[in-house]
Every structure is written in structure tokens, then in C-alpha cells.
Number of protein chains: 2
Amino acid sequence: MPHKLKPIKPKRISDQVFDQLRELIFRGEFKAGEKILTERELAEAFGVSRTSVRDAINKLVVMGLLDQKQGQGTFVRSPESKEKSLLATMVESQDASISDLLEVRMGLECNAAAMAASRAVEKDFQFMEKSIEEMQKEVKSGRLGTEADASFHMAIAYATNNPLQVFIMKNFYDFLFTGIKVNLEGLYKIPGNIEIILEQHTLIYQAIREGNPDAAYRAMKQHIDFVYDFFEGQGE
Amino acid sequence: MPHKLKPIKPKRISDQVFDQLRELIFRGEFKAGEKILTERELAEAFGVSRTSVRDAINKLVVMGLLDQKQGQGTFVRSPESKEKSLLATMVESQDASISDLLEVRMGLECNAAAMAASRAVEKDFQFMEKSIEEMQKEVKSGRLGTEADASFHMAIAYATNNPLQVFIMKNFYDFLFTGIKVNLEGLYKIPGNIEIILEQHTLIYQAIREGNPDAAYRAMKQHIDFVYDFFEGQGE
DNA sequence: CCGCTTCAATTGGTTATACCATTAGTATCG
DNA sequence: CGATACTAATGGTATAACCAATTGAAGCGG
């Protein structure tokens, strides 16, 4: 065996559709509560059979990301709606606190920010910008903007171009979401805090845009430190 | 509305099949590891279409109760392997390289080392020492000591006292072993490398023992950087 | 104009059938 | 005996047709 041949990729079509749909949900292309394309439309759009699309959708329904109603359509389930994901429930049963979450994120996301700074392309920047703008809108409308917040962090994961980083963050998403929600609710009580968060997001974005890994790392660290300190001060 | 009428049963056929199959599994009619009836057989037995059976089975697969393999059949998943599978199963559909793995570990483990340095207790030190000694023994016996290597890194995860960190690392190393352990062997085969690895492990351990988070972080970074550079040089 | 019924279009759910892709086992040939 | 080739079994995919629930608009009668 002189040479290591090609890796091949035996991927099921339904799984490929599944991956793409999940990505669209996570990136916010399909917004919570929104009705997505019909099975027939998706089948045509992907160029696969309706069977494969159905298999993919079923998977997402079981995972709690989608909701189907006969005669109406398929809808994106809002993350906050009850039944948390498998990972989230498992984590819960192990008594993981918000602090624990933030500590792990510290390592995971600071490193990701640095990676992103040296690899992100235009498309990645656009996703980050979009998330920041979306969060600004939400805040001005009196809402928390938790989804946009989570999307921003997911955008950085994608920008690393590291499939494993993306993979972990994807499975982290539900827990990330609930964590962010709790944080923002606490932060919201104190005027000015959300603006600080937004400012920090912008700083992270700028550092990545400038291609400065070190600055991106520090900006992310400062961001998470801020949230962490605030939460610790709350009495834990 | 004087009377509460019939509840009716607007139940999908696939769900009815699902319920029955799940019951059979829970009752032990289908025993762990056992191969169950084929989709075609089940379809005929239930008097429904194969599609409905497939929908039901898919649901059980996503839930981790069943396992399907093309060309072989559908099997009942043993209970102990249910938990570790949720990450491992999905990782199959990704093509992550060793570099990707190391990049994520960089963030995860450097941070963990720093955490461990400020929290580890005597018991944690003992686990680390044991892992290092074990690896030294293995190496002297002419073996690779990959398990001891992993144990050392897991010991650090435990030392963080962060259940989420432990959880992630646990699933991480399942993936590491089952997926790309073979590739790591290349690193160990070159004389001198194992000694360097052991030295690095010792440095990490000492930094943690001294309660120096900064040094622990740097020591871990140096360690992972070394492995990373080695693989980059290999041609990847 | 209002209220009810009816009907048609949309959309997910089901069925049937055929064929593809992978695997394990067996038969065959050297 | 061993390697190869074939075959059968099984899950995966693709079509096409029809069923069932929902919505909303059209039509009718008051």
C-alpha cells in the first residue's frame, strides 16, 4: 500500500439535505416561527426526490428544530420552545451552570475568533454584519435579540473554515442559545449593558475583518469576560 | 358545546408503527445488538407501506434506539452506547482532518489547562502523574502509549471541575480514538518524538501543580503546536 | 350586506413500484 | 487452498399517484 488513496465520501442524500437545512436554520436564513419551503419545492430546488427531503425534514422534526402540520406547511421551531435538544438535556442532568458554559466558550470561541481573523472571507463578514445589524434592530424594538446574538457567534465558527469547530458549535447551539438568553435577560435590567455587548461584538468583527488574530482573540476574551463577571456578580 | 365528544385519533400511521416498535424494544422483545425484521417484512406484518415503516424506524434511529446499516439490516442499539453516539454518529458525515481536530483542541485544552492550574486538587495531580508514569512504562515496553496520552488530557479536563468541559472532552476523545487514532501513530514512530511529548506533558503538569495558569496555558499551547507542526510537515 | 355552505388549491401523509448501492455469503476457478 | 466473481438480501433513492387536513375564496341564501 504505497499510496494513501482518495478519502471517498459515502454520504446519504437525505443527510446532505439535512446538513444544508440545518445550516440555513442556524444561520438565521429560516427564522423562528417562519414557514419554510414546501417539500415539493425543496425537492426541486435541491434536485432530489421528495423522499430524500422528507427523510431530512423528519430528522429535523425529531431533533426539535422543525415542526410540521399537514395542510399548512413546515415551520421553524423557536429554540426557546420547550423540549431542549438531546445535548442540552444531557448537559442539564450533569448540573452544568451558565458559568461552566462561559468557561468552555472562553477557550472555544477566543481560539475561533483568532482562526477566523486569518481565514474569513467576504461571505463570512457579511454574515457577521448581518447578525450585528439584526441585533441592533431587535434591541431598538425593545426585544433582547438573543437569536441574533447566537447567530453572530455561529458566524464566527463558520468563518474558521474548520468543520469540526462548526460541528461542535452546532451541537452547542441550543445550550448556547439558552445561556445567552439568561445572560441578556439579566443584562437588560441595567441600562447601557446591551449597548456594551453590541460594541464588543463590533470590536470582535473589526479585528477579524482586519485580519488581526491577536486582537480578535483579546476582543472575544474581553467580551466573554464581561458577561462572565456580570453573571458572577449576580450572586450565581 | 354541551358534550365533550370523541377524542378521535388523528394519529399518523408512521407514529403508530413507531409506538409499537418502541414498545417491543423497551419490553426486550428486540434485544440489544439483535437484528430486527427487515423493512419489507415489517411493512407486510403491519399491513402498511414500507415508507411508513421507514419513517418510524428513522425516528428511532435519530433517537438512538436503532442503528441501520445498508446491506446488513437494522439493529437494536445497546444502551451504553447510546450516549456517546450523538456526536460520533454525526461526525461521520463530516470530513474533519487531524489539523482541524488539533485546532479545536488548541482552544479547548489550553483554556482547560489554565483552569486546572487554579482549581486542581491532590486527587487530580495523582491522576496526571499516573498517566505520565503509565505512558513512560508503555513506551519502554515498545508500545505507543496512546491511551495513557489521552488519559493525561482527560485528567486535565477533570481537574477543571467544569462538568461541561469534561462532557465535551469525553465525546471528543471517543471521536479521536475511533476515528483517527491510526493517524496519530505516525507521530510516535519517529525516535525522540515520544520523549519530547513526555517532556511536554511533564511541563504542563508542573505548571498546573504550581498553580500557574499562564504557564499551564503556554505549556499546553507549545505541546499542541508541536504536534500540529509535525503533521503540517508530513504533507497533510 | 352578512353568514353559511361548498368547493378548489395547497401541503403534508401514504401507498406502490422500480431501481440503485452496499454488504455478506457462496460458488467458482486457478 | 485461496483469491475472484457472482448472487441474494437489505437499506437508500426516485417517481407517480392518491389520501387527508387545512385554508381561503367563491357562491349561495337570507
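All chains are named by letter (A, B, ...) in the order of the sequence lines, taking the proteins before the strands, and each is independently numbered beginning at 1.
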Output side-chain donor-acceptor pairs under 3.5 Å for residues 63-72 of chain A, partner residues at least two apart or in another chain, one line each.
from    : atom 1 : to      : atom 2 : distance (Å)
A:Gln68 : NE2    : A:Glu39 : OE2    : 3.0
A:Gln68 : NE2    : A:Thr74 : OG1    : 3.4

In whole Å, what is the span from the [atom1] atom of [X] to the [atom2] atom of [N]?
{"X": "A:Gln16", "N": "D:dA14", "atom1": "CD", "atom2": "C1'", "value": "15 Å"}
{"X": "B:Phe75", "N": "D:dA9", "atom1": "CZ", "atom2": "C1'", "value": "12 Å"}
{"X": "B:Leu66", "N": "D:dG12", "atom1": "CG", "atom2": "P", "value": "12 Å"}
{"X": "A:Phe18", "N": "D:dG12", "atom1": "CZ", "atom2": "P", "value": "15 Å"}

Exercise for review: Sorted by first residue and then second, give each side-chain hydrogen bond (donor to acceptor under 3.5 Å, both in side chains) pair with at least one member in residues 132-144 of chain A; sequence neighbours left out.
Suggested key: A:Glu138-A:Arg143
**Study point:** Partners meeting ring pair (Phe, Tyr, Trp, His ring centres under 6.0 Å) with A:Tyr205 (sequence neighbours left out)
**Key:** none
Point to revise | Contacts of type ring pair (Phe, Tyr, Trp, His ring centres under 6.0 Å), residue A:Tyr158, not counting sequence neighbours | key: none
Study note, to complete from the structure: For nucleotides 7-15 of chain C, 5' to 3', base contacts (B), sugar-phosphate-only contacts (S) and non-contacts (-) with protein non-hydrogen atoms under 4.0 Å give ---BBBBBB
**Study point:** A:Glu44 atom CD, neighbour heavy-atom count above 12 within 6.0 Å
**Key:** no
Exercise for review: Mind checking side-chain hydrogen bond (donor to acceptor under 3.5 Å, both in side chains) for B:Glu103 and listing every partner two or more places apart, or none if nothing turns up?
Suggested key: A:Arg119, A:Asn162, B:Tyr228
